[in-house]
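Letters A, B, ... are given to chains in the order of the sequence lines, protein chains preceding strands, and every chain is numbered from 1.
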Amino acid sequence: MKTVRISETAIQPDQELTALAGLGGGALSSFTGLVRDDDGVTAIELEHYPGMTEASLSSLIEAATARWSLLGAVITHRVGIVPVGAPVVVVGTASLHRAEALEATAFLIDRLKTEAPFWKREHYADGTTKWVEAKSSDEARAERWG
Amino acid sequence: MKTVRISETAIQPDQELTALAGLGGGALSSFTGLVRDDDGVTAIELEHYPGMTEASLSSLIEAATARWSLLGAVITHRVGIVPVGAPVVVVGTASLHRAEALEATAFLIDRLKTEAPFWKREHYADGTTKWVEAKSSDEARAERWG
Amino acid sequence: MKLVYFASVREAIGLSSEEFDVPQDACTVGDLVVRISARSEDHARALHDLPRLRFALDQNMATADTPLLGAQELAIFPPVTGG
Amino acid sequence: MKLVYFASVREAIGLSSEEFDVPQDACTVGDLVVRISARSEDHARALHDLPRLRFALDQNMATADTPLLGAQELAIFPPVTGG
């Protein structure tokens, strides 16, 4: 099971992950990225590259399944305006044993951060916005996976 | 938020994790262990050491929060008879950034496997049962954390 | 002292707990386990493979070398297999 | 060729996409970006910091050195920040 979804409406992490629990595996790992409650931030706005985004997320899942023995993997990513506290991204993997699911989940979110064509900007309480800068620490984490 | 729960009835992973999503962090990581659909296994039966179990899980969470900056951590573990496909354990952590939550979740489940006083036996379709043997690979994974 | 047994140890002995008078000259967990083994054939069979056994003294993990020091409860069990 | 812009690049240029006639002597992504920069002051400002820009050619990640080879769509954007 390999599922990629871009959502323009609110996502429910548990609903995105439901199918993974039914694959007969013993391990289910997930990561949810939420809009952090940072000073003055009311929401983030996510822009993406339709078409390339889906292909990019699918190829991340292909890379993960080539590297680890997985029964399934899911990536769901929000676009548009997402309020503080709401989910932006959900990554989930299922495998027979835990090492594979745990590592594949970390791999998928680390690579997504540096490869998938999404851009976010922060909206502030005073009505201003600011593009988020890419972080060198994200590059470093992604490179750990070779 | 630090929560440990031993449950004699079915657990719903998303319900165990709900509180973690409201702590203001940007990252939520979870691991769910399910009863694998192994040949002939219909259920597993989990025995534990009441009192010591809760203390052991709490001290794992203390060790994780000493090591990583976490906003919250949850461990819920089933005891009794658990059918194939049902959750046995749910581990979840919340943090500002993803590295902490991802690593702490892996740490908690790896250490739980070798330290927390639970024992499982498999029930087979023919009515027989068999105690599960501890695996040296679990020891090796737990030792990675020093 | 209260002895508590879990999993295959409990099954082999046929009891989940029992009382045991600690002999004056039993100083460590290992000393005590040797004495408990002598209690019956079931006890001997359940406890013969000392390196495979795990112990908790007053609900803290212990080893065969751990001194008893007046502890109230000794648990004996196989390696844990939760999660 | 279709040019598509995202995020701060889109904002600085004030367009999300536009058509561009590829000159005969533009062989690589980098060659083309230099020509696009000359289109207006907004283009020049949006594209002046070449090392900070990222590119996709027909929706595959590319670099300034990637040959155009008749591609239909060039995307120009800042480093990605999803997740």
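Interface remark: B:Gln12 contributes no atoms to any contact with chain A (heavy atom separation under 4.5 Å). Looking at B:Asp38, neither its backbone nor its side chain comes within 4.5 Å of chain A, counting heavy atoms on both sides. Contact annotation for A:Ile109: both backbone and side-chain heavy atoms come within less than 4.5 Å of a heavy atom of chain B. Residue contact with chain A, scored on non-hydrogen atoms closer than 4.5 Å, is absent for B:Ala94.
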Determine whether B:Leu28 and A:Phe31 satisfy the following criterion, side chain to side chain contact (heavy atoms under 4.5 Å, CB included), listing intermediate values before the conclusion. CA-CA 6 Å; B:Leu28 206 160; A:Phe31 176 83; over 6 Å; no

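By number of non-hydrogen pairs under 4.5 angstrom with chain A, the leading residue of B:Val91, B:Val88, B:Leu102, B:Val90 is B:Leu102. Most heavy-atom pairs under 4.5 Å with chain B: of the set A:Leu23, A:Thr32, A:Asp14, A:Asp37, this distinction falls to A:Thr32. Each of B:Ala21, B:Ala99, B:Ala106, B:Gly26 has some count of heavy-atom pairs under 4.5 Å with chain A, and the biggest count is that of B:Gly26.
In the displayed structure, A:Asp39 atom CG is contacted under 6.0 Å by at most 12 heavy atoms of other residues, nucleotides or ligands.
Within residues 135-146 of chain B, the residues having any heavy atom less than 4.5 Å from a heavy atom of chain A are, in residue-number order, B:Lys135, B:Asp138, B:Arg141.
The NZ atom of A:Lys113 sits 5.0 Å away from the CZ atom of B:Arg98 when rounded to the nearest 0.5 Å. To the nearest 0.5 Å, atoms OG (A:Ser30) and CG (B:Leu17) are separated by 7.0 Å.
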